Undergrad: 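To start, I am sharing the structure in question, which I have written as structure tokens.
It should be emphasised that the depicted structure is a prediction, and the values quoted were computed from it without experimental measurement. Computed over heavy atoms, backbone and side chain alike; hydrogens, waters and symmetry mates excluded. Along the sequence shown, residues carry numbers from 1. One-based numbering, in listed order, for ligands and for the atoms of each.
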Amino acid sequence: MPRVLEKAKILETQREAEGIHRLVLYAPRIVPTARPGQFVMIRVASEGSDPLLSRPFSFHRLHKDDGLFEILLRVVGTGTRILSQRPPGSTLDVVGPLGRGFTPPSGPGETVALVAGGIGIAPLWALLDELTAKTHKNHRDQLYVFYGARTRTELVPLSPLKRLGVSLVVSTDDGSAGEQATVVEALARRHETGMVPLDRLYACGSLPMQVSLARWASGRGILVEMSLESMMACGIGACLGCALPAVDPEDPQAERYVHVCTDGPVFDPGRIRWDKIQPVMARPLTSASPSGL
Ligand SMILES: Cc1cc2nc3c(=O)[nH]c(=O)nc-3n(C[C@H](O)[C@H](O)[C@H](O)COP(=O)(O)OP(=O)(O)OC[C@H]3O[C@@H](n4cnc5c(N)ncnc54)[C@H](O)[C@@H]3O)c2cc1C
Ligand code: FES
């Protein structure tokens, strides 16, 4: 896929939830070949050099006919704070599309769920747009969206999701919206009671959520793809900063690394050595939650 450096113009900015902003950018050279799950590197600095590096953001929505894409960003530090304050009309240096996106389902007969934790809704929405466009509205209830956040104020507005006609399950850790559960617990409860049979899962969220989902899905015969994050300096495979420990299919004893920016960010979670990323996450299952997660 050709990657392009383009000066993208910000057409619109919108606060969507607590600390979460949406930017609409005009980038007619980047958008045509972009796929859900791929990302862009955005140079944040408007003047001076802080922050020096570009920052990675997933395509949140793609509007190919208009040469537009959207990003949904959560403010966590200097770069995202500056971006959230850039006014419409200003331009940003953007490189993309980068990385490997989601693989579409192999056929219309598959039952598919999207599992989004917090800002993880960002890349999954672009995929949802693609899936709903291919699914007759009478069958969209076979598309499940599990969307969880810590609390109600961190959820982006739900009405556009509801309008799509998909089966939406909302959960919050504190029970202030939807059911009180983690997003993985909400999924597990429905799958294990037979309410949601699943062929394929697409997911994005925090590291604890991803570890939890990877462990739950393992051995259940469900195809899973996850969009993973890592610290990224270059986004093109040049700095080695985004490497994650991975399973070597040919030699289980060998140390192997994958680059999130070029091998991913979308991965089969079975490829990742989660125990090496954060040993604390690899503790035994507890009986604290109904799903055993
Ligand atoms: C492929 C990819 C796609 C992404 N897509 C999105 C998106 O669609 N929306 C969104 O809001 N964010 C996304 N991120 C994360 C986003 O890039 C970081 O939040 C951002 O770079 C932080 O920049 P900052 O200057 O504000 O924070 P910094 O000042 O650099 O850091 C602030 C805090 O955030 C942590 N942090 C920084 N970068 C990351 C990272 N990549 N992953 C986890 N923690 C990080 C730091 O450790 C620190 O604790 C994505 C990351 C990757 C790798
Ligand atoms: S971010 Fe530089 S190699 Fe991946």
Undergrad: Counting from 1, what ligand 1 atoms have a heavy atom of Met232 closer than 4.0 Å?
TA: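 In order of numbering, the contacting atoms are 1 (C), 53 (C).
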Undergrad: Using a distance threshold of 2.8 Å, state whether an N, O or S atom of Cys261 lies below it from atom 2 (Fe) of ligand 2.
TA: no
Undergrad: Any atoms of ligand 2 less than 4.0 Å from a non-hydrogen atom of Cys242? List them with their elements.
TA: 1 (S), 3 (S), 4 (Fe)
Undergrad: Check Ser230 against ligand 2 and report side chain, backbone, both or neither, counting heavy atoms closer than 4.0 Å.
TA: neither
Undergrad: Do the side chains of Arg200 and Glu110 get close enough for a salt bridge, i.e. N-O under 4.0 angstrom?
TA: yes
Undergrad: Any heavy atom of Leu72 closer to ligand 1 than 4.0 angstrom?
TA: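 Heavy atoms of Leu72 do come under 4.0 Å of ligand 1.
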Undergrad: What protein heavy atom sits nearest atom 1 (S) of ligand 2, and how far away is it?
TA: Gly235 N, 3.2 Å
Undergrad: Heavy-atom contacts under 4.0 Å between Thr262 and ligand 2: side chain, backbone, both, or neither?
TA: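 Under 4.0 Å from ligand 2, Thr262 contributes no heavy atoms.
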Undergrad: Please state which part of Ala243 comes within less than 4.0 Å of ligand 2, counting heavy atoms only: side chain, backbone, both or neither.
TA: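 No part of Ala243 comes within reach of ligand 2.
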Undergrad: Is ligand 1 under 4.0 Å from a heavy atom in the side chain of Val76, in the backbone, in both, or in neither?
TA: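 Answer for Val76: both.
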Undergrad: Closer than 3.5 angstrom, by distance alone: can the side chain of Arg150 be matched with the main-chain N or O of Asp174 as a donor-acceptor pair?
TA: no
Undergrad: Kindly indicate, with the supporting measurements, whether the criterion salt bridge (Lys or Arg N to Asp or Glu O under 4.0 Å) is fulfilled by Glu154 and Arg74.
TA: CA-CA 10 Å; Glu154 295 180 5; Arg74 188 162 72 93; over 6 Å; no
Undergrad: Out of all atoms in ligand 1, which are within 4.0 Å of some heavy atom of Ser230? Include the element for each.
TA: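 Close to Ser230: 40 (C), 41 (N), 53 (C).
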Undergrad: Identify, by atom number and element, the atoms of ligand 1 in contact range of Ala122, meaning under 4.0 Å from any of its heavy atoms.
TA: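 So the atoms of ligand 1 that pass are 8 (O).
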Undergrad: Have a look at ligand 1 and work out which part of Pro56, if any, has a heavy atom under 4.0 Å from it: side chain, backbone, both or neither.
TA: both
Undergrad: Would you mind telling me if ligand 1 is within reach of the side chain of Ser227, the backbone, both or neither, using heavy atoms under 4.0 Å?
TA: neither
Undergrad: Looking only at heavy atoms, is any part of Val75 under 4.0 Å from ligand 1, and if so is it the side chain, the backbone, or both, or is it neither?
TA: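 It is neither; nothing of Val75 touches ligand 1.
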Undergrad: Specify the protein heavy atom at minimum distance from atom 3 (S) of ligand 2: its residue, its atom name, and the distance to 0.1 Å.
TA: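 Result for atom 3 (S) of ligand 2: Leu240 N, 3.1 Å.
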Undergrad: Between Arg100 and Asp263, is the closest basic N to carboxylate O distance under 4.0 Å?
TA: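 Looking at Arg100 together with Asp263, the answer is no, because their closest N to O distance does not fall below 4.0 Å.
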Undergrad: Can you name the atoms of ligand 2, numbered from 1 with element, that are less than 4.0 Å from a heavy atom of Met232?
TA: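 Atoms satisfying the 4.0 Å criterion: 1 (S).
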Undergrad: Using a cut-off of strictly less than 2.8 Å, determine whether Cys234 has an N/O/S atom near atom 2 (Fe) of ligand 2.
TA: yes
